[in-house]
Amino acid sequence: MASAAPARAVQEKLATKNPVGKIGMIIFGVALLIGLVYTVISVASDLGSVRTTSFSPFLLLGVALLTALGFEFVNGFHDTANAVATVIYTHSMEPHVAVVWSGMWNFIGVLTSSGAVAFGILSLLPVELILQVSSGAGFAMVFALLIAAILWNLGTWYFGLPASSSHTMVGSIIGVGIANQLMTARTGTSGVDWGQAANVGKSLLISPLVGFFVAALLLIVCKALIKDRRLYEAPVGDAPPPFWIRGLLVLTCTGVSFAHGSNDGQKGMGLIMLILVGTVPTAYALNHAVSASQTADFLAASTQTAQVVGKYVNPNAVVADPRDDLTNYIRTKEFNNNTMLALSQYINEIGNEVKEFKMLRNVPSDKMGNLRNDMYVVSETIRLVEKSGKTDFDADDKKVLANYKKHMDLSTKFIPPWVKVAVAMALGLGTMIGWKRIVVTVGEKIGKEHLTYGQGAAAEITAMATIMTADGLGLPVSTTHVLSSGVAGTMAANHTGLQWETVRNLGLAWVLTLPVAMLLSGFLFWAFRSMF
Amino acid sequence: MENQELDQLRFAYKAAVEQWIAAIRAEEDLATPDHTVHAVDVWENAGFTEEEARTRAKTAKQEYENALRQVLYNF
């Protein structure tokens with residue numbers, strides 16, 4: 001190609017003009033190296049207590065961890081545009097500084113996350129696969145989920161399409177659920193959380209409307225109230241926007257990056273914990289950091305909770321195997337006369353088991369996985385019974401249940417610091433690599449004219465406000481959809497026109513995300529089940 | 001210096017577009033009253049040549065756009 005040489009020359013010359021980006025990359029590189037050393041040392045220390053003659057669990061652990069971190073890495077560069085597209089195209093930040101900045105805030109977001117979302121995502125998975133995570137079926141599920149999500153995210157990234165990573169993950173989970181139902185010859189799809197599919201459906205309708213109209217309205221209101229003409233004209237040369245609007249754009253970029261890290265980073269953490277529990281349960285099934293006094297508190301709470309649950313037992317209830325009853329309840333969500341009796345019996349059984357060993361770290365390695373599963377089943381049952389409203393607990397009883405669940409979660413829902421560090425590194429690194437494709441789509445290919453300072457601010461403020469309010473109000477919205485639609489909304493409000501080919505491709509990718517992820521993960525689950 | 005490189009890319013793009021236009025014209029010229037199979041084959045082959053010329057023009061445009069983005073936005 002005759003034009004390749006000058007194109008390369010321009011790239012090389014400009015690459016030397018980015019000292020700030022280079023310094024940022026060097027600082028981040030050092031942080032990565034420290035994180036890597038810390039992760040390796042921590043893993044080696046944790047695995048030191050594992051007694052096994054086989055190398056295969058470690059090999060499986062390595063492959064699964066790399067796949068999970070690969071998912072976070074791809075998620076990082078797939079979603080960077082949400083945070084940096086507007087600051088780059090409004091000259092609020094130099095692009096290489098913007099991506100390093102965004103990567104750092106993603107990194108911080110992961111490190112400071114609570115872990116609640118991590119375990120929330122696990123509750124969407126088929127319960128029988130969670131309980132058999134050490135088996136071939138469990139690994140087939142984890143690999144199918146991760147590889148399907150990576151493939152769809154990579155595909156949409158390749159074509160520069162900002163599709164929702166959350167919808168991809170939900171689609172993958174549903175796909176595995178359906179495939180599992182079909183392969184175990186159960187009728188219907190009771191193990192599939194259709195509520196999540198409905199949420200994605202609502203999001204597909206709500207997100208573009210929220211993004212488009214809120215951003216458009218915001219721009220119109222700004223034009224009416226703020227008469228600074230510079231805000232509504234294309235930037236001249238490299239000139240940044242007025243200070244206050246530049247500050248606002250950098251703030252929203254920071255907030256979106258932090259929120260992405262603290263939310264999306266946790267999805268990978270949840271799956272990594274599942275992998276760790278499946279491959280080396282001795283080290284990770286139960287929290288070894290639970291102290292003797294915390295164990296004593298747990299036992300007291302256990303006795304109290306069994307009594308509370310006993311108050312709500314149906315007198316006609318008969319239970320043969322409480323674990324079977326409760327597992328079936330979690331899978332089908334069908335409350336029956338026996339559910340509370342099974343729960344009460346199971347709480348007592350767990351209490352007796354923990355009392356026998358006095359502390360969680362004393363539980364023999366061959367019993368750890370089982371005790372964890374018992375705790376998981378009870379914790380999930382309590383959550384679902386309370387959510388269903390089938391049992392009218394009084395306020396005091398609710399407090400007892402909450403206290404018991406808190407102790408239970410302390411024992412099973414923990415995330416070792418090295419997992420957070422590893423995910424933070426993968427997500428942060430991903431944010432800094434491969435971001436250009438989707439940024440170009442958002443910044444250049446949605447509207448027919450250049451993004452003005454006002455348009456960039458209106459779209460990014462809408463995206464940031466969405467993140468802040470979505471969790472609080474429980475709105476099923478996608479930040480990716482809101483931002484892209486927001487840019488489109490500001491173009492419409494400015495009467496600058498839209499590039500309909502891009503809009504059509506975006507709409508197609510958004511609608512196809514759920515079914516394609518479902519099909520991909522379902523097929524992969526079937527293929528892996530046939531292999532393992 | 002920078003402008004020279006950008007101009008080279010711009011000229012390459014323009015040249016590719018000219019070749020594409022020529023290919024379109026060549027294809028169009030082959031749509032004649034001769035409705036034989038051989039004539040249709042020749043016309044269709046010209047269509048393939050036009051597709052190749054279009055791909056070259058789009059690639060040249062992409063490279064020019066990428067270079068402009070490097071200069072205007074530094075990425």
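Each chain gets a letter, A, B and so on, in the order its sequence line appears, and its residues count up from 1. Just the heavy atoms: all of them, side chains too, but no hydrogens, waters or symmetry mates, feed the values below.
Once rounded to the nearest 0.5 Å, the distance linking CG of B:Leu68 with CZ of B:Arg10 reads 10.0 Å. In this structure, OG1 on B:Thr49 lies 9.5 Å from CG on B:Leu30, to the nearest 0.5 angstrom. Expressed to the nearest 0.5 Å, how far CE of A:Met104 lies from CD1 of A:Ile27 amounts to 7.5 Å.
Taking 4.5 Å as the heavy-atom cut-off, the residues of residues 84-93 of chain A that approach chain B are A:Ile88, A:Tyr89, A:His91, ordered by number. Within residues 441-450 of chain A, the residues approaching chain B closer than 4.5 Å by heavy atoms are, in numerical order, A:Glu444, A:Lys445, A:His450.
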Q: Using the side-chain contact (heavy atoms from CB on, under 4.5 Å) rule, take A:Thr502 and A:Asn505 through it: C-alpha gap first, then chi angles, then the decisive distance, then the call.
A: CA-CA 5 Å; A:Thr502 308; A:Asn505 290 342; 5.7 Å; no
Q: Quick one: do A:Glu233 and A:Arg229 satisfy salt bridge (charged side-chain N to carboxylate O under 4.0 Å, His left out)? Show the steps, please.
A: CA-CA 7 Å; A:Glu233 290 168 358; A:Arg229 286 176 60 88; 3.3 Å; yes
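A donor-acceptor distance shorter than 3.5 angstrom exists from the side chain of A:Glu94 to the backbone of A:Val97, with no hydrogens or angles considered. Judged by distance alone, the side chain of A:Asn106 and the main-chain N or O of A:Ser102 form a donor-acceptor pair under 3.5 Å. For B:Tyr64 (side chain) and B:Lys14 (main-chain N/O), no donor-acceptor pair under 3.5 Å exists by modelled atom type.
With sequence neighbours left out, A:Trp157 forms a ring pair (Phe, Tyr, Trp, His ring centres under 6.0 Å) with A:Phe77. By the salt bridge (Lys or Arg N to Asp or Glu O under 4.0 Å) test, A:Arg230 is found to be paired with A:Asp228, residues two or more places apart in sequence or in another chain being considered.
Interface remark: A:Val99 contributes no atoms to any contact with chain B (heavy atom separation under 4.5 Å).
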